J.: 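The following block contains the structure, expressed as structure tokens.
This is a predicted model, so every value here is computed, not measured. Position 1 is the first residue of the sequence, and the numbers go up from there.
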Amino acid sequence: MPPVPVSTLEPEGPIVSRRPLAILAAAVLAAASLTACGGSDDPSGGSGRTLTYWASNQGGSLEADKQILQPELDRFAQQTGIRVTVEVVPWSDLLNRLLTAATSGQGPDVVNIGNTWSASLQATGALVEFDDATLAKVGGRDRFVPAALAAAGAPGRPPAAVPLYSLAYALYYNKKAFADAGITAPPTTWEQVAEVGRKLTGGGRWGLAVEGANPSENAHHAFTFSQQYGGAWFDDAGKPTFDTPQNVAAVKRYVDLMATDRIVNPSNAEYAQNQSVSDFANGRAAMLLWQAAGANLASQNMPADAYGVAPVPFPANPPAGGRKVNSMVAGINMAVFKHSKNTDAALQFVKFMTSDAEQVTLNKAYGSLPSVTTVAGDPAFGAPEQKVLRETLATTAAPLPQVPQESTFETLVGTAIKELFADAASGRPVTEDSVRQKLGKAQQQMR
């Protein structure tokens, strides 16, 4: 999920302007100092018997992730003698901490990264690249789902990570709330979302929940809406195109779910820690847009038969140039820092986490899809939720631009949308001009 980044650092090539990355690098270092960096933490003096691992928050809470991961880490230690100490990092902190570790040369050995950040982090030069020889150490290139591996680094470069969990967005809806309102099928267009959302809003419940204060989540939806409206966030030369008419219309359509349609609780403008999932699980919202929410919902005692899962909607009348895209190619990748004194042990750990057994265990626990081809047909991934996610990834998902400024895009555009949701929540009008101004400001900050 979705996920609150600040991009930094100079890209290694001449594709894009270096100024915003360098400025943000200094800002991240100043703000975060070295509090996020713990080094390899190996009491044996770097002999490779201890690894430090930053895992992303995939489940209902940080503690839930620890409970899922620790038995697997213990199993790895039993098999190899290599101990792994894990810290589960919330999405709101993860990218800033990764960038601080990259610029300081201090931090963990192995990390989870959102796949959209792959090219940005690769541009720092801080990650081990998975060329064919390195990929061979973790099972080989052919082992990984091609689309997932393609979202693991900049085009024309070896991947900077390998895929761990594969995800896509879907529309989750409360079956009882729909039935009580006389709604017989999930909406397939945004116009229908607004219509049924109004029927579902009232009595302490809202039609839809969103994470309005989460820049990454906002940017993901901005990308999808832009695709549907015929827009793009970068041109072929890698220059930002944030304030085009298509992007303005796309972002306004998303924010209007609160501002105009009034099917989103204004309090959602402050949501950045998966509160929208909790609202859906606890009946305070009837619909949710999320990546593989099932495991999170189960942890909050919402049974699988209480909700349905459908593809993310499209516009009823797509504008000229609109694309049939309703999700980013989402997923979590696993990377190794070059500063690790335990690279061989780290690669052993990556191989373990992407092994058949672990791919089934972990992706089943999180409701995501395997990143390796060998277990794609496992019955564990045959539930209705996974079928929708798999079909979306195969037919109507598109990757975010793998350019070095991608994480800067998430921060700047995602924050602009956060501000627009705040305007909507406080009753200030969200107009095409106000959207254009905020996107234009974000674009200026990229230069």
Side-chain angles (χ1 to χ4, degrees), residues 5-22 24-25 56 94-95 98-99 101-103 105 107-166 219 223 232-240 328-340 343-344 346-347 350-351 353-354 371-373 397-411 446:
V6 177
S7 176
T8 73
L9 298 189
E10 296 184 7
E12 295 180 344
I15 299 174
V16 295
S17 167
R18 299 183 178 191
R19 181 173 174 269
L21 295 174
L24 284 170
S56 51
L94 183 57
L95 184 58
L98 290 171
L99 289 164
T103 55
D109 300 281
V110 183
V111 293
N112 285 4
I113 65 175
N115 68 351
T116 64
W117 306 338
S118 296
S120 295
L121 290 169
Q122 185 173 34
T124 70
L127 301 181
V128 171
E129 290 195 325
F130 284 80
D131 56 19
D132 287 344
T134 307
L135 279 171
K137 295 180 180 180
V138 298
R141 178 180 298 274
D142 292 343
R143 176 168 177 73
F144 296 95
V145 174
L149 192 61
R157 295 275 299 274
V162 295
L164 182 63
Y165 313 127
S166 291
F223 169 78
W233 294 99
F234 296 91
D235 64 20
D236 291 341
K239 294 181 179 180
M328 54 175 282
V329 176
I332 309 304
N333 293 343
M334 201 170 194
V336 176
F337 271 118
K338 285 181 181 177
H339 64 232
S340 172
T343 303
D344 287 343
L347 291 174
V350 171
K351 182 176 182 179
M353 292 289 278
T354 57
S371 64
V372 298
T373 59
L400 270 79
Q402 284 291 335
V403 297
Q405 316 117 298
E406 193 286 327
S407 56
T408 312
F409 150 73
E410 289 195 26
T411 297
M446 287 285 287

J.: Which heavy atom in Leu127 sits nearest to a heavy atom in Lys338, and how many Å separate them?
T.: O-CE, 3.1 Å

J.: Which atom pair, heavy atoms only, marks the closest approach of Ala161 to Ile113?
T.: CB-CD1, 4.1 Å

J.: Measure across Val138 and Leu347 and return the closest heavy-atom pair with its distance rounded to 0.1 Å.
T.: CG1-O, 3.6 Å

J.: Strictly distance-based, threshold 3.5 Å: is any side-chain N or O of Gln122 a donor or acceptor partner for the main-chain N or O of Pro158?
T.: yes

J.: Roughly how far apart are Glu406 CD and Thr116 OG1, rounded to 0.5 Å?
T.: 4.0 Å

J.: At what distance, to the nearest 0.5 angstrom, does CZ of Phe223 lie from CD of Glu410?
T.: 11.0 Å

J.: Less than 4.5 Å apart, any side-chain heavy atom of Arg141 and any of Asp132?
T.: yes

J.: Any sub-3.5 Å donor-acceptor pair from Thr373's side-chain atoms to Phe144's backbone N or O?
T.: no

J.: Going through the checks in order, is the side-chain hydrogen bond (donor to acceptor under 3.5 Å, both in side chains) test met by Ser118 and Asn115?
T.: CA-CA 5 Å; Ser118 296; Asn115 68 351; over 6 Å; no

J.: Classify the ring geometry between Phe409 and Phe234 as parallel (under 30°), tilted (30 to 60°) or perpendicular (over 60°).
T.: perpendicular

J.: How far does CG of Asn112 sit from CG of Leu98, to the nearest 0.5 angstrom?
T.: 9.0 Å

J.: Which heavy atom in Ala160 sits nearest to a heavy atom in Ala335, and how many Å separate them?
T.: O-CB, 3.7 Å

J.: Tell me if a side-chain donor or acceptor on Gln402 pairs with a main-chain N or O of Ala119 at a distance below 3.5 Å.
T.: yes

J.: CG of Leu99 to OG of Ser120: how many Å apart, nearest 0.5 Å?
T.: 8.0 Å

J.: What distance separates Asp109 CG from Phe337 CZ, expressed to the nearest 0.5 Å?
T.: 10.0 Å

J.: For residues Pro159 and Leu149, report the shortest heavy-atom separation together with the two atoms involved.
T.: CG-CD1, 4.0 Å

J.: Hey, is the main chain of Ala102 close enough, under 3.5 Å, to the side chain of Thr124 for a donor-acceptor pair?
T.: no

J.: Side chain to side chain contact (heavy atoms under 4.5 Å, CB included) for Leu164 and Val350? Distances and angles first, verdict last.
T.: CA-CA 9 Å; Leu164 182 63; Val350 171; over 6 Å; no

J.: Give me the atom names and distance for the closest heavy-atom approach of Asp344 to Lys137.
T.: OD1-NZ, 4.3 Å

J.: So how far is it from Trp117 CH2 to Thr408 OG1, rounded to the nearest 0.5 Å?
T.: 12.5 Å

J.: Do Val110 and Met334 pass the side chain to side chain contact (heavy atoms under 4.5 Å, CB included) test, and can you show the C-alpha distance, the side-chain angles, and the key distance before you say yes or no?
T.: CA-CA 7 Å; Val110 183; Met334 201 170 194; 3.6 Å; yes

